[in-house]
Asks: 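Submitted below is the structure of interest, expressed as structure tokens.
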Amino acid sequence: MAAIDIERVAKRFAGSVRPALDDCSLSVPAGELTVLLGPSGCGKTTLLRLVNRLLEPDSGRILVDGTDVHTLPAPILRRGIGYAIQQVGLFPHLSVGANIATVPLLLGWEKGRIDARVGELLELVGLAQACRRRYPRELSGGEQQRVGIARALAADPAILLMDEPFGAVDPLLRARLQDELLAIQRKLRKTIIFVTHDVDEALRLADRIALMRAGCIVQHDAPLSMLTAPRDEFVRSFLAADDVLRRLGVTSAAEAVVAQQRWESASLQAAIVPSAIDGAPVVRDSDSLRSALAALIESRAPALTVVDADGRRLGSVGFDDIRRAVRS
Amino acid sequence: MRYLVEHSGAVLALLVQQAWLTAAALVIASAIALPLGLLAARKAAIRGPLLALLDVLYTIPSLALFVLLIPLLGLGFTPALVALVVYAQIVLVRNVIVGLRGIDPAVLEAARGMGMTGAQRFRRVELPLAAPVILAGMRVAILVTIGTSTLAAFINAGGLGMLLFMGVSQGHTDEIVAGAVAVSALALTANVLMQRLEARIASAVRGD
């Protein structure tokens with residue numbers, strides 16, 4: 001676990017009038033996935049590259065667990081921070097196994113420990129063990145990106161920096177890789193900074209989003225708060241915060257149950273929920289209302305049942321409750 | 001051909017002499033071209049002027065360069081070696097630059113981002129990936145050097161050129177043929193060996 005504190009950093013590239021970063025501060029909590037979101041040229045990649053010192057700030061400082069990153073030699077710092085980029089950048093002359101083993105080798109791990117770790121990682125990112133001896137050019141784009149993520153995680157760094165890692169793959173595969181990243185994150189609880197310009201990707205992955213514009217962080221909040229309480233017109237329009245489907249996507253089914261109860265106590269009447277009929281769809285409390293709504297429409301049932309992880313029924317919600325949950 | 005058979009010992013001695021001159025020139029030339037090319041690949045400010053200078057040097061006819069070096073270094077092996085080293089630079093340096101700059105920037109970015117030092121990046125990533133292009137440059141340099149070193153006999157550096165010059169001045173066609181056949185054999189052998197090495201390295205780098 002490692003928290004990252006970015007304190008008042010500024011960066012201007014030679015020959016450019018406008019600073020790439022203008023007095024940026026950001027606190028990235030340990031174990032969370034923070035998305036740096038913004039239009040191209042807003043400084044999100046620059047900010048990311050300051051953390052592992054691929055770039056140096058003109059002023060300000062960056063602390064990892066309270067330690068200024070400048071107190072460490074850059075190569076040593078970087079070996080403790082995973083790094084994955086859009087173009088992946090696998091070493092074409094090395095096997096998949098050797099690619100994944102890069103940082104452990106730099107750290108001087110023993111061969112046996114490295115072999116075992118490469119095996120673990122292939123499994124974690126969903127690649128067959130036989131991939132170990134194959135070469136990058138023999139892999140599909142999705143497989144290459146998985147190897148890139150395995151390589152970034154190889155030495156079990158507390159921090160992972162990801163620069164549009166899924167930007168170059170087709171939408172279907174992107175959604176799958178996003179799911180896999182979320183699954184990995186649930187298991188490993190790394191401190192992740194993830195750069196993207198894709199709003200849907202940000203809403204899907206982020207514990208918190210830092211929305212950037214012209215070298216400044218405009219708003220830093222949880223995805224739902226970003227949508228329901230955008231700080232200004234830029235945030236509202238960039239996120240298309242008024243888009244109801246988008247809100248449904250970041251609201252959980254459990255919140256519809258809460259909205260129903262809140263409405264009941266406010267209006268002093270029982271919500272008229274059509275009783276769940278046989279064959280009514282069942283959704284998990286953690287599912288998004290977007291998928292809940294889809295299930296409801298497809299089943300033609302008037303209501304669906306929300307259950308928790310153990311299958312206990314939390315309540316039944318209908319169209320009205322879903323509407324209340326996203327309009328609050 | 002009879003000359004070649006009857007004087008095979010003498011021809012072999014000349015061939016060894018020329019092979020030795022060629023090899024010495026290439027080892028020295030590579031030792032200079034590798035760091036020079038690396039520097040030029042990294043710094044654009046050095047790259048342009050350096051390539052321009054090497055281009056100019058390359059346009060001086062080889063025989064003229066041999067003669068120009070006589071006042072400075074006299075006759076024999078040393079001036080021949082210097083001239084050959086200078087000639088090989090343009091091909092070698094250019095290929096080192098092309099090889100290094102042809103590497104996918106994302107690969108270098110990843111290497112840096114994962115904490116490789118400059119030296120580790122060079123040894124583990126840049127050199128292996130640039131190797132096929134650098135080796136192709138070496139093959140061309142070897143062929144150019146074998147051809148040019150034949151002329152070095154003109155300034156008493158020995159080698160198979162001796163047979164050619166003597167044959168021409170004395171009108172002995174046999175000697176000319178023997179010298180030409182031996183030089184061609186040297187060049188062809190070097191070419192085949194280098195092509196094999198290149199193919200092997202290239203397939204290793206591609207990941208086969």
Side-chain angles (χ1 to χ4, degrees), chain A residues 45 48-49 51-55 72-108 133-139 144-145 147-149 151-155 157 160-165 168, chain B residues 34 37-38 41-48 95-138 194-208:
Chain A
T45 292
L48 184 83
R49 287 159 57 93
V51 176
N52 64 355
R53 291 184 59 196
L54 287 170
L55 291 172
L72 282 173
I76 304 294
L77 172 79
R78 290 177 195 144
R79 286 170 203 174
I81 299 178
Y83 187 53
I85 54 177
Q86 181 179 334
Q87 311 85 335
V88 196
L90 294 180
F91 303 130
H93 59 303
L94 298 179
S95 68
V96 166
N99 264 286
I100 295 175
T102 304
V103 179
L105 269 172
L106 291 173
L107 293 171
R133 273 179 299 281
R134 291 168 71 194
Y135 282 83
R137 71 185 172 86
E138 301 172 303
L139 305 179
Q144 288 186 11
Q145 198 49 263
V147 174
I149 290 169
R151 185 173 67 169
L153 288 168
L160 193 55
L161 306 179
M162 309 182 88
D163 192 353
E164 307 215 17
Chain B
L34 209 57
L38 180 63
R42 298 257 156 95
K43 310 253 181 238
I46 295 173
R47 192 157 59 239
N95 278 55
V96 172
I97 293 172
V98 171
L100 289 173
R101 289 177 57 80
I103 298 172
D104 180 357
V107 169
L108 297 177
E109 163 90 359
R112 211 155 79 91
M114 281 186 297
M116 288 193 192
T117 62
Q120 286 166 335
R121 269 195 324 269
F122 181 69
R123 201 169 58 78
R124 298 183 187 204
V125 181
E126 293 182 283
L127 197 57
L129 289 178
V133 182
I134 295 175
L135 279 175
M138 282 190 166
M194 282 303 289
Q195 272 175 341
R196 283 198 192 160
L197 184 64
E198 262 176 67
R200 185 174 301 179
I201 298 282
S203 76
V205 168
R206 266 204 319 273
D208 289 331

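Note: hydrogens, waters and symmetry copies are ignored here, and every other heavy atom, side chains too, is used. No experiment lies behind these values; they were computed from the predicted model shown. Per chain, numbering begins at 1; letters A, B, ... match sequence-line order.
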Asks: Name the option with the most non-hydrogen atom pairs under 4.5 Å to chain B; the candidates are Arg151(A), Gln87(A), Arg79(A).
Replies: Arg79(A)
Asks: State, to 0.1 Å, how close Tyr83(A) and Gly113(B) come at their nearest heavy-atom pair, and which atoms those are.
Replies: CD2-CA, 3.7 Å
Asks: Could you check which of Ala110(B), Pro105(B), Gly118(B) has the highest count of heavy-atom pairs closer than 4.5 Å to chain A?
Replies: Ala110(B)
Asks: CG of Leu90(A) to CG of Asp104(B): how many Å apart, nearest 0.5 Å?
Replies: 10.0 Å
Asks: For the side chain to side chain contact (heavy atoms under 4.5 Å, CB included) test, which of Met116(B), Arg124(B), Gln120(B) pairs with Thr102(A)?
Replies: Met116(B)
Asks: What's the shortest heavy-atom distance between Pro128(B) and His93(A), and which atoms?
Replies: CB-CD2, 3.6 Å
Asks: Please tell me if the side chains of Glu109(B) and Arg49(A) come closer than 4.5 Å, counting only heavy atoms from C-beta onward.
Replies: yes
Asks: What heavy-atom pair brings Ala106(B) and Ile85(A) nearest, and what distance separates the two atoms?
Replies: O-CD1, 3.8 Å
Asks: Just so I understand: if I count every heavy-atom pair under 4.5 Å between each of Leu107(A), Val103(A), Leu106(A), Asn52(A) and chain B, which residue has the most?
Replies: Leu106(A)
